[in-house]
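Notes for the one structure printed next.
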Amino acid sequence: MIRSLERAGLAAFAAALFAAPAVLAAPAAHAAAGRPAGDDVYRTWFTSHARCVAEGQGGIDRGHWEHYTCSEGDWFWHLWTNR
């Protein structure tokens with residue numbers, strides 16, 4: 001009984017391990033949809049989406065730019081603005 005549970009656990013782990021590249025490839029398609037316009041300027045990066053949005057909206061509120069985009073990278077969120 002214990003051996004069959006170990007085999008089932010190892011099989012589940014192996015399946016997750018081999019499925020990982022397909023799961024990791026999915027955010028790249030999402031990042032492509034969130035790409036900035038061709039004339040946007042790169043500002044900086046953030047470790048969270050909420051912080052990126054807060055800074056982008058703060059720039060609009062202060063009158064520094066009219067729109068912003070927070071694009072998702074591999075590890076960080078990148079702020080792009082029109083100025």
Side-chain angles (χ1 to χ4, degrees):
M1 169 105 174
I2 293 174
R3 295 247 185 235
S4 63
L5 290 175
E6 287 177 355
R7 287 185 191 134
L10 286 174
F13 175 73
L17 184 64
F18 289 117
V23 172
L24 292 176
H30 175 69
R35 292 218 186 253
D39 59 344
D40 281 355
V41 178
Y42 180 76
R43 291 291 168 187
T44 189
W45 56 267
F46 299 95
T47 55
S48 71
H49 181 254
R51 182 71 177 149
C52 183
V53 169
E55 288 295 319
Q57 189 59 45
I60 289 176
D61 295 343
R62 290 186 303 273
H64 294 296
W65 48 76
E66 285 79 35
H67 72 272
Y68 67 92
T69 302
C70 289
S71 64
E72 183 177 6
D74 291 335
W75 297 96
F76 302 105
W77 289 90
H78 304 280
L79 178 64
W80 297 79
T81 66
N82 65 319
R83 286 194 265 169

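The neighbour count for D74 CG, taken as heavy atoms of other residues, nucleotides or ligands under 6.0 Å away, does not exceed 12.
V53 and F46 fall within a single hydrophobic cluster, where Ile, Leu, Val, Met, Phe, Trp and Tyr are joined by side-chain heavy atoms under 4.5 Å apart, directly or via other members. Linking Ile, Leu, Val, Met, Phe, Trp and Tyr residues whenever their side-chain heavy atoms come within less than 4.5 Å leaves L79 and F76 in two separate clusters.
Here the shortest heavy-atom pairing between Y68 and T81 reads CB-CG2, 4.1 Å.
The CD atom of Q57 lies 10.0 Å from the SG atom of C70; values are rounded to the nearest 0.5 Å. Taking NE2 of H78 as the reference point, atom CG of D40 lies at 14.5 Å (rounded to 0.5 Å). The CH2 atom of W77 lies 11.5 Å from the OG1 atom of T69; values are rounded to the nearest 0.5 Å.
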- Task: Go through I60 and W65 one step at a time and tell me if the side-chain contact (heavy atoms from CB on, under 4.5 Å) criterion holds.
- Result: CA-CA 5 Å; I60 289 176; W65 48 76; 3.7 Å; yes
